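Just below is one structure, and these are the notes that go with it.
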Amino acid sequence: MCYTDNDNRYNNSPMVSQLTQSPLQIANLEQLERIRHTCAHIMAMAVQILFPETKVTIGPTTDTGFYYDFDRPQPFTPEDLTKITKQMRFIIKANLPIIREEVTREEIKVEIEKLNELYKLEILDSIPEGETITRYYIGSPDGGRLPDVGEKLKAAFPEPSLIKPVKIPPTVSWWDLCAGPHINYTGEINPDAFTLESVAGAYWRGDETKAQLQRIYGTAWETPEQLKAYLKQQEEAKRRDHRKLGKELKLFSIQEGAGGGLVFWHPRGATMRYIIEDYWRKAHLDAGYELLYTPHIANLELWKTSGHLDFYRENMFDSMDIEQQAYQIKPMNCPFHVLTYKNDLHSYRELPLRWAELGTVYRYERSGVLHGLMRVRGFTQDDAHIFCLPTQIAGEILGVLNLTEKILSDFGFKDYEVNLSTRPDKSVGTDEGWELATNALDRALNTKGWDYLEDKGGGAFYGPKIDIKIKDAIGRTWQCSTIQVDFNLPERFDMEYVAADGSRQRPIMIHRAIFGSLERFYGILIENYAGDFPLWLAPIQVRLLPVSETQRPYGKAVVTMLKQSGYRVEIDCTGERLGKQIRNAELEKIPVVAIVGKREVETQTLSIRTRQQGDIGTMNITELKESLEEVLAKKTNI
RNA sequence: GCCGAUGUAGCUCAGAGGUAGAGCAUUCGAUUCGUAAUCGAACGGUCGGCGGUUCAAAUCCGCUCAUCGGCUCCA
């Protein structure tokens, strides 16, 4: 499991899908796809009108719009995007026809060569023999095509300005080699329902050894309302950004002085992590797991045996020298769990063994891919390995699915997308082994009653796997949990158990993680709740606000009492006025504040204000505790 | 790593060759206050780092570090 990129448990990348949910109901998805694809063409046309030296490459649609990759010596600036947008509106408003033409390989080749569009030539060469080749015109085919058009435009406009958008004479056209489909007229696009978003570097054909191109991203919708809704959703995502909230709520930091991708958990974040870990341990002990702690480094030989040095090297930090022996900081926990297993002789009667560890691993990630808590260089996996008999696989997998559901739903994630990935072309293990394991995963999912998508050939080379994605409060999906069968490590480490007949047999090894990485899961939690954590997770649950300093002694006594009952409570001793104290508590997103003034001291009560409901009235400590307990039991916000 | 952008006080940001600024936070003083900002003062900076150009650099140039948006979608 531990070697390849398609290994999701160990894939530390954000794995958030683009906003797959439309902000508004899409009336006609097929038409929208055409609109987006045509938008890409119109953008390319606009770019070549304004910047004729630019070469075109490809321009597909995305979940929210489109992009086009260009080859141009100078980078596009934000001002360029404004100009391009204006030029696109011209083209849209001109309502030019879009004409599909089937062409032969030979004739289109000549035309592309005439234009010196080398990338297009490469694309043409990659189209399989026998496939229909089409080109799409924007405007009349009689009009010629850029850069011929450039000449015509120069004739039409004696001093064609590259700053101002250029009006397209009806006789001018632009075309692109394209499979389509497209809309029929540019006017079908609402000029106020698209916008250009950003410029980014991208490699030709996604290959970093090839030319670096400039990609312009755009978003396009059926109506301006949809666009507005989409932009609002983007704003919402920005508002929830865990990096911003992490700083504002003093949860964690990543510091230049220490290095990128290394996380500092500050007291409030650390409190939450403690709660999460504590919950996780109890849940695992209840589910029949035992806990392990293993070292952070080990002799490099171990990583040779496990195969990581061969297959995972590019994600590993360099080894260090200790008394002439090479030691490696761990990028994975599994070899340690295997060594723990191998330290004893095991009988079939002991199986299954379920060993869990919050294991901190370090992986080299290229500086450009680091991203807040979502992609870091040091992180803690909620790792576990199950060693079992072949006959126990389905039962164990079902157990993992049940535990996963319990844990994820307690953290507020109740919608899942499940994938079952099967044997890839290159793999280890026997046919029977794969069939047995894959059937067991399938059976477990069916027993659980979960629908899933099968990703044929998408498994790791060492075994089939189940991945579970969760859906957050604004409809984004995140990959966290994964369950993987491993035929490789037991073989490499020559793991055994003693079977009923006294023979030595190979146990089945299952890797699984529910959060994936604590750092990443925490980042997702912050974004899911937008920093308004449910009471059971909130680092400060209750803050007492004395109306004046006179009430401090009473407030302190209440704090002591609540603390003794296990609540996370504090008192505001800033001496600020009540309004300011409330404002501060609101900004810190503290779920409950208890106001103590003269009245409360006299009646031995508290005036309660919650962040969700505002002022909810006066109660005594017992009543407060009761309502807190009720909310804590439900694991919701108050 | 690569392409582009951004780094100014603890935070959010202004300043664009000529004395380093604001609000919030912090500290001190006054105020003792009833459901989202009391008033005043003080403190706070090698303008990310290193080097260069210049009489003069936060500002221009080079390198470097970090952060942000991308680098999967394939005519």
Side-chain angles (χ1 to χ4, degrees), chain A residues 5 13 15 17-18 37 40-41 56-63 66-69 72 74-78 80 103 108 112 117 119-128 131-136 175-180 197-217 238 241 243-244 247-248 250 253-261 314 364-372 545-552 574-588 593-600 607-611 614-617:
Chain A
D5 264 339
S13 67
M15 298 293 278
S17 73
Q18 276 294 329
H37 201 165
H41 277 215
V56 292
T57 68
I58 53 164
T61 60
T62 66
D63 288 344
F66 59 93
Y67 67 79
Y68 208 112
D69 287 347
R72 176 179 182 238
Q74 311 98 295
F76 292 107
T77 64
D80 291 339
V103 291
I108 196 78
I112 295 172
E117 291 281 11
Y119 296 94
K120 283 291 166 195
L121 217 50
E122 203 177 318
I123 289 163
L124 179 67
D125 287 342
S126 69
I127 299 175
E131 218 165 277
T132 309
I133 298 173
T134 51
R135 82 164 128 187
Y136 279 83
W175 60 261
D176 199 5
L177 178 70
C178 179
E197 295 179 292
S198 59
V199 187
Y203 298 103
W204 171 234
R205 306 227 151 179
D207 181 343
E208 63 184 36
T209 63
K210 295 192 171 152
Q212 177 113 29
L213 307 171
Q214 293 189 62
R215 175 172 298 179
I216 302 181
Y217 278 98
K238 231 185 210 170
D241 192 315
R243 294 166 298 187
K244 182 171 164 274
K247 191 184 273 183
E248 285 172 3
K250 300 190 166 112
S253 68
I254 293 169
Q255 305 195 21
E256 192 171 339
E314 57 182 44
Y364 169 68
E365 297 280 0
R366 300 196 291 178
S367 55
V369 304
L370 300 175
H371 181 93
L545 312 181
V547 174
S548 74
E549 286 175 21
T550 329
Q551 289 89 38
R552 259 190 216 171
T574 57
E576 293 286 351
R577 297 184 177 187
L578 183 61
K580 182 64 173 284
Q581 293 185 55
I582 288 172
R583 179 179 155 81
N584 287 341
E586 288 286 345
L587 292 175
E588 292 172 54
V593 296
I595 294 154
V596 288
K598 213 193 284 176
R599 291 199 296 271
E600 287 76 16
S607 281
I608 304 300
R609 178 190 159 104
T610 74
R611 189 161 145 72
D615 187 354
I616 59 166

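The model shown is predicted, which means the values in this text are computed figures rather than measured ones. Convention: sequence-line order gives letters A, B, ...; per-chain numbering from 1.
Here the P atom of nucleotide B:rU72 and the CG atom of A:Asp207 are 9 Å apart, to the nearest Å. Here B:rC74 presents its P atom at 17 Å from CZ of A:Phe66, a figure rounded to the nearest Å. Rounding to whole angstrom units, CG of residue A:Asp241 and P of B:rU67 are separated by 14 Å. A:Arg205 has its CZ atom 14 Å from the P atom of B:rU72, to the nearest Å. Remark: C1' of B:rC33 and CZ of A:Arg599 are 13 Å apart, rounded to the nearest angstrom. Between the CG atom of A:Asp63 and the P atom of B:rU72 there is a distance of 15 Å, given to the nearest Å. Here the P atom of nucleotide B:rG70 and the CZ atom of A:Arg366 are 16 Å apart, to the nearest Å. Atom CD of A:Gln581 is separated from atom P of B:rG34 by 12 Å (rounded to the nearest Å).
Between A:Phe66 and A:Pro60 the shortest side-chain heavy-atom distance does not fall below 4.5 Å.
Nucleotides B:rA66 and B:rA25 have their P atoms positioned 33 Å apart, rounded to a whole Å. Comparing B:rG51 with B:rC13, their P atoms are spaced 30 Å from each other, to the whole Å. Nucleotides B:rU12 and B:rG48, compared at atom P, are 14 Å apart to the nearest Å. B:rG49 and B:rA58 are spaced 10 Å apart, taking the P atom of each and rounding to whole Å. A distance of about 12 Å separates the C1' atoms of B:rG23 and B:rA9, rounded to the whole Å. Nucleotides B:rA16 and B:rU31 have their P atoms positioned 44 Å apart, rounded to a whole Å. For B:rG29 and B:rU35, the P atoms lie 27 Å apart once the distance is rounded to whole Å. Atom name P, nucleotides B:rU64 and B:rG69: the rounded distance is 23 Å, in whole Å.
Here A:Glu586 does not pair with A:Arg583 in a salt bridge; the nearest charged N to carboxylate O distance is not below 4.0 Å. Taking a cutoff of 4.0 Å between a charged side-chain nitrogen and a carboxylate oxygen, A:Asp69 and A:Arg215 qualify as a salt bridge. Between A:Asp241 and A:Lys247 no salt bridge is recorded (no basic side-chain N to carboxylate O distance below 4.0 Å).
Between the side chain of A:Glu600 and the base of B:rG34, a donor-acceptor pair under 3.5 Å is found. Between the side chain of A:Tyr203 and the base of B:rC3, no donor-acceptor pair of N or O atoms lies under 3.5 Å.
Using N1 to N3 plus N6-O4 or O6-N4 for Watson-Crick, or N1-O2 and O6-N3 for G-U wobble, each under 3.5 Å, B:rA37 pairs with nothing. Nucleotide B:rC24 has B:rG10 as its partner under the Watson-Crick or G-U criteria, with both atom distances under 3.5 Å. In a base pair of the Watson-Crick type (N1 to N3 plus N6-O4 or O6-N4) or a G-U wobble (N1-O2 and O6-N3), with each distance short of 3.5 Å, B:rU31 is matched with no nucleotide. The nucleotide B:rC60 finds its pairing partner in B:rG52, both defining distances of the Watson-Crick or G-U wobble pair being shorter than 3.5 Å. Pairing for B:rA16 is absent, judged as Watson-Crick or G-U wobble with the two contacts each under 3.5 Å. As the counterpart of B:rG4, B:rC68 is assigned, both hydrogen-bonding distances of the Watson-Crick or G-U wobble pattern falling under 3.5 Å. Nucleotide B:rU46 forms no Watson-Crick or G-U wobble pair with any nucleotide shown, as no partner meets the under 3.5 Å limit on both distances. In this structure, B:rC73 forms no base pair with any nucleotide, since neither Watson-Crick nor G-U wobble geometry is met with both distances under 3.5 Å.
Contact annotation: A:Arg243 reaches the phosphate of B:rC68 (side-chain N/O to OP1 or OP2, under 4.0 Å). The shortest distance between the side-chain N/O atoms of A:His371 and the OP1/OP2 oxygens of B:rG70 is not below 4.0 Å.
The side chain of A:Leu578 has B:rU35 as its nearest neighbour among B:rU67, B:rU38, B:rU35. Distance from the side chain of A:Arg577 is smallest for B:rC33 among the nucleotides B:rU35, B:rU32, B:rC33. Relative to the side chain of A:Ser548, the nucleotides B:rA36, B:rC74, B:rC33 differ in distance, and B:rC33 lies closest. If you check B:rC33, B:rG69, B:rA25 against the side chain of A:Lys580, the one that comes closest is B:rA25. Set against B:rC71, B:rC68, B:rG34, the side chain of A:Tyr217 has B:rC71 as its closest nucleotide. Taking only side-chain atoms of A:Val547, from C-beta outward, the nucleotide of B:rG34, B:rC71, B:rU35 with the closest atom is B:rG34. With distances taken from any side-chain atom of A:Ala202 to the nucleotides B:rC71, B:rU67, B:rC73, the minimum falls on B:rC71. The side chain of A:Arg583 has B:rA36 as its nearest neighbour among B:rC11, B:rA36, B:rG69. Counting only heavy atoms from C-beta on, A:Val369 has its side chain closest to B:rC71 among B:rG4, B:rC74, B:rC71. Nearest to the side chain of A:Glu576, among B:rC74, B:rG34, B:rU38, sits B:rU38.
Expressed to the nearest 0.5 Å, how far CD of A:Glu365 lies from CD of A:Glu314 amounts to 10.0 Å. Distance check, rounded to the nearest 0.5 Å: OG1 of A:Thr57 to NZ of A:Lys120 gives 7.0 Å.
Base contact: A:Gly597 has a heavy atom under 4.0 Å from a base atom. Residue-level contact check: A:Thr132 touches the bases, meaning some heavy atom is under 4.0 Å from a base atom. A:Gly260 comes within 4.0 angstrom of sugar-phosphate atoms only, judged by non-hydrogen atoms across all strands, and of no base. A:Glu131 comes within 4.0 angstrom of a base, heavy atoms only. Note on A:Leu213: nothing from the nucleic acid sits closer than 4.0 angstrom, heavy atoms only. Across all strands, A:Gly259 comes closer than 4.0 Å to no nucleic acid atom at all (heavy-atom distances). A:Arg215 comes within 4.0 angstrom of sugar-phosphate atoms only, judged by non-hydrogen atoms across all strands, and of no base. A:Lys247 comes within 4.0 angstrom of sugar-phosphate atoms only, judged by non-hydrogen atoms across all strands, and of no base.
Each of A:Thr574 and A:Ser607 was assigned the nucleotide of RNA chain B with the nearest heavy atom; the assignment lying further toward the 5' end belongs to A:Thr574. Where A:Leu587 and A:Gln212 meet RNA chain B, the nucleotide closest to each residue was compared, and A:Gln212 sits on the side nearer the 5' end.
A:Arg205 forms no cation-pi arrangement with A:Tyr203, by the criterion of a distance under 6.0 Å to the ring centre and an angle within 45° of the ring axis.
Side-chain rings of A:Tyr136 and A:Trp175 stay apart, their centers remaining 6.0 Å or farther from each other.
When only modelled atom types and interatomic distance are considered, A:Thr574 and A:Gln581 share no side-chain donor-acceptor pair under 3.5 Å. Between A:Glu122 and A:Trp204, the side chains place a donor N or O and an acceptor N or O closer than 3.5 Å (distance only, hydrogens not considered).
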